[in-house]
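What follows is a set of notes on a single structure, which appears directly below.
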Amino acid sequence: APPELFGISIDGASNVTEIDYTKKVVAVPDLSNGADNVLAFDWHLRKNGVRNGGGYGSVAAAVKLAHGSTTATAVDNEFLVLKANVLQPGMGYTFRLTVTNRYGIAATARLNVTAGRPPRGGSFAVTPTAGACLRTEFLLRAYNWTDDASSWPLTYTFVHNSRTDGRGAATAVRTGTMRRSNITTSALPLGKASDGSFALNVGVVVSDVWGLENSRQQVITVAAPASLEAATVLASNLTGSIERMLDLADDESVNAALS
């Protein structure tokens with residue numbers, strides 16, 4: 001009897017129809033080999049023709065699977081690891097696996113997928129672009145984002161980061177991930193105070209149902225409220241005075257300043 005090959009899973013999920021071409025893809029057979037542990041595997045990948053108007057915008061063709069250049073595994077491995085960015089966004093592909101047992105009897109499985117495109121074409125804006133933390137209501141708005149029809153709905157995660165170069169970990173704004181494309185919040189933290197700029201990097205991460213995502217950022221100014229700023233200056237001055245008193249070992253002055 002031929003090997004019991006039921007299908008192909010992608011990244012641990014069956015019935016996948018769209019994949020993220022920007023990440024590695026792991027194709028695994030859904031296989032029950034019973035008592036026969038001597039099996040041969042042969043992977044193939046084909047780009048499907050895409051109809052464009054009256055003709056074909058892309059002709060069907062085999063994708064070369066070469067260990068080291070397009071794959072991280074050999075084509076005769078039980079599972080196939082396709083490297084990131086091998087596929088073309090928006091194109092359809094067919095994974096084909098043939099499994100042959102020790103008696104030369106084979107079974108074949110195919111999986112058709114589309115190399116999905118992440119959300120795109122959108123913008124992000126914050127108004128106003130300057131304000132005070134815990135005081136100013138900032139409107140964070142993502143708009144004009146689009147995606148493939150099979151990739152909806154989109155979700156939006158609004159984030160902030162004190163590093164204006166865009167590096168470092170981002171912290172989600174209080175609301176977290178949601179389907180609303182805008183929020184109003186006064187929960188933005190104080191911007192970068194060390195250089196006096198009070199700059200804060202604010203952004204949005206837009207994700208589709210397949211986990212593909214895109215992002216936009218904007219640098220705004222979030223300063224301290226006037227009362228907090230005055231208290232901060234006062235505390236700084238007081239700390240400096242105490243430190244100078246300690247240097248002089250003037251215990252009476254220190255106790256008077258703390259009382």
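It should be emphasised that the depicted structure is a prediction, and the values quoted were computed from it without experimental measurement.
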- line: Output for pair (T94 OG1, I8 CD1), nearest 0.5 Å, gives 9.5 Å
Closest heavy-atom pair and its distance - H160, L188: CD2-CD2, 4.4 Å
field: pair F95-L82: side-chain heavy atoms closer than 4.5 Å
entry: yes
- prompt: Which class fits the ring pair F124 and F158: parallel under 30°, tilted 30 to 60°, perpendicular over 60°?
  reply: tilted
- prompt: Does the side chain of F138 come within less than 4.5 Å of S186's, by heavy atoms?
  reply: no
query: Do I10 and L111 have side-chain heavy atoms sitting under 4.5 Å apart?
result: yes
query: Do V204 and L140 touch side chain to side chain, with heavy atoms closer than 4.5 Å?
result: no
- prompt: Is a donor on one side and an acceptor on the other found under 3.5 Å between the side chain of Y93 and the backbone of Q88?
  reply: yes
- line: Between P128 and T136, the two heavy atoms sitting closest are CG-CG2, 3.8 Å
message: Give me the atom names and distance for the closest heavy-atom approach of T73 to L80.
response: OG1-CA, 3.5 Å
Test side chain to side chain donor-acceptor pair (under 3.5 Å) applied to T17 - qualifying residues, sequence neighbours left out: none
- prompt: Should V81 and L97 be regarded as members of a common hydrophobic cluster, given that ILVMFWY residues are connected when their side-chain heavy atoms come within less than 4.5 Å of each other, either directly or indirectly?
  reply: no
query: Residues in salt bridge (Lys or Arg N to Asp or Glu O under 4.0 Å) with D147, at least two apart?
result: R120
Stepwise side chain to side chain donor-acceptor pair (under 3.5 Å) check, S9 with S14: CA-CA 5 Å; S9 298; S14 57; 5.2 Å; no
- prompt: Rounded to the nearest 0.5 Å, what separation is found between the CD1 atom of I19 and the CH2 atom of W210?
  reply: 10.5 Å
task: Write down the atom of A125, the atom of Y143, and the distance for their closest heavy-atom approach.
output: CB-CE2, 4.1 Å
- prompt: More than 12 foreign heavy atoms under 6.0 Å from CZ of F6: is that the case here?
  reply: yes
- prompt: When hydrophobic residues are tied together by side-chain contacts of less than 4.5 Å, even through go-betweens, does L65 share a cluster with L87?
  reply: yes
- request: Could you walk me through whether T129 and Q218 pass the side chain to side chain contact (heavy atoms under 4.5 Å, CB included) test, one step at a time?
  value: CA-CA 9 Å; T129 58; Q218 180 179 345; 3.5 Å; yes
- prompt: Atom CZ in R46, atom CG in N112: separation rounded to 0.5 Å?
  reply: 12.0 Å
field: Inter-residue atom distance E78.CD - L31.CG, 0.5 Å rounding
entry: 6.5 Å
message: Count I, L, V, M, F, W, Y as connected when their side-chain heavy atoms are under 4.5 Å apart, and connections chain through other members. Are V205 and L200 then in the same cluster?
response: no
query: So, for S197 and D195, which heavy atoms are closest and what is the spacing to 0.1 Å?
result: OG-OD1, 2.8 Å
pair L212-T22: side-chain heavy atoms closer than 4.5 Å: no
message: I want to check something: taking the side chain as every heavy atom from C-beta on, are H44 and D42 in contact at a cut-off of under 4.5 Å?
response: yes
- prompt: Would S215 and Q217 count as a side chain to side chain donor-acceptor pair (under 3.5 Å) if you check the C-alpha gap in whole Å, the side-chain angles of each, and the deciding distance to 0.1 Å?
  reply: CA-CA 7 Å; S215 63; Q217 297 84 31; 3.2 Å; yes
query: Is it true that M91 and V25 fall in one hydrophobic cluster, defined by side-chain heavy atoms closer than 4.5 Å?
result: yes
field: Nearest heavy atoms of P3 and A106, plus distance in Å
entry: CD-C, 4.2 Å
query: Short question: side chain of K83, backbone of G68 - any donor-acceptor pair under 3.5 Å?
result: yes
query: What distance do L139 atom CG and E137 atom CD have between them, rounded to the nearest 0.5 Å?
result: 10.0 Å
message: In the structure I gave you, are the side-chain heavy atoms of W152 and V209 within less than 4.5 Å of one another anywhere?
response: no
- prompt: Which value, rounded to the nearest 0.5 Å, describes the distance between L134 atom CG and L190 atom CG?
  reply: 9.0 Å
query: Just wondering, do N214 and W145 contact through their side chains at under 4.5 Å, heavy atoms?
result: yes
message: If you count every heavy atom of other residues, nucleotides or ligands that lies below 6.0 Å from N15 atom CG, does the total exceed 12?
response: no
field: Cluster overlap V16 with W43, hydrophobic side-chain contacts below 4.5 Å
entry: yes
